[in-house]
Amino acid sequence: MITIEFKATLQMLVPMIVQVIIKKKSISAVSAIKMFYLSKLYSKLEIEKTKLWHLSPHALYELLEIELQTGNLVFPTEA
C-alpha cells in the first residue's frame, strides 16, 4: 500500500526526472513521460521499499540510461 507521504514524494520526484530526460535527450515532454513510465526503473521506483526515491533525479536518470542501453535495471551500490 502506498502511503500518502510516499505518494507525495513520487508526485514531486517524477516531474523532476522527466525534466532531466527532456534536457538530456532533447525530446518532447510526451516522449519523455512515455519513456519513463514504461521503464523498469519507474516500476521499481513505485515500490517504496526499493528506496530508489532517495536518489536524485540526475542519479535516477543515469539508472534509466543504463536500462535503455542494456535492457537491465542496475541498482546502485551503497557507499
Would you check if the side chain of [X] reaches a backbone N or O of [Y] as a donor-acceptor pair within less than 3.5 Å?
X: Thr50; Y: Glu46; answer: no
X: Glu67; Y: Ser39; answer: no
X: Trp53; Y: Leu10; answer: no

Contacts under 3.5 angstrom, residues 26-37 side chains, donor-acceptor by atom type, not counting sequence neighbours:
unit_1	atom_1	unit_2	atom_2	d
Ser28	OG	Ser31	N	3.1
Ser28	OG	Ser31	OG	3.1

Please tell me if the side chains of [X] and [Y] come closer than 4.5 Å, counting only heavy atoms from C-beta onward.
X: Leu45; Y: Ile17; result: yes
X: Lys44; Y: Tyr42; result: no
X: Pro76; Y: Leu52; result: yes

Fill in: Residue list, salt bridge (charged side-chain N to carboxylate O under 4.0 Å, His left out) with Glu65, at least two apart or on another chain
Lys25

For residues [X] and [Y]: do they belong to one hydrophobic cluster (side chain heavy atoms under 4.5 Å, members Ile, Leu, Val, Met, Phe, Trp, Tyr)?
X: Ile66; Y: Tyr61; value: no
X: Leu41; Y: Phe75; value: yes
X: Phe6; Y: Ile47; value: no

Worksheet item: What's the verdict on side chain to side chain contact (heavy atoms under 4.5 Å, CB included) for Leu60 and Leu13, showing C-alpha distance, side-chain angles and the deciding distance?
Response: CA-CA 10 Å; Leu60 290 166; Leu13 187 57; 3.8 Å; yes

Discussion item. Check this for me: His58, atom NE2, are more than 12 non-hydrogen atoms of other residues, nucleotides or ligands nearer than 6.0 Å?
Written reply: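 At most 12 heavy atoms, drawn from other residues, nucleotides or ligands, come within 6.0 Å of this atom.
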
Discussion item. Can you confirm whether Lys24 is buried at NZ, in the sense that more than 12 heavy atoms of other residues, nucleotides or ligands lie under 6.0 Å from that atom?
Written reply: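 Counting neighbours around NZ of Lys24, 12 or fewer heavy atoms of other residues, nucleotides or ligands fall under 6.0 Å, so no.
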
Discussion item. If you compare all heavy atoms of Leu55 against all heavy atoms of Leu63, which two are closest, and at what distance to 0.1 Å?
Written reply: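 Smallest heavy-atom distance, with atoms named: CD1-CD1, 3.7 Å.
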
Fill in: Nearest atoms (heavy-atom pairs only) where Pro57 meets Met16
CG-CB, 3.7 Å

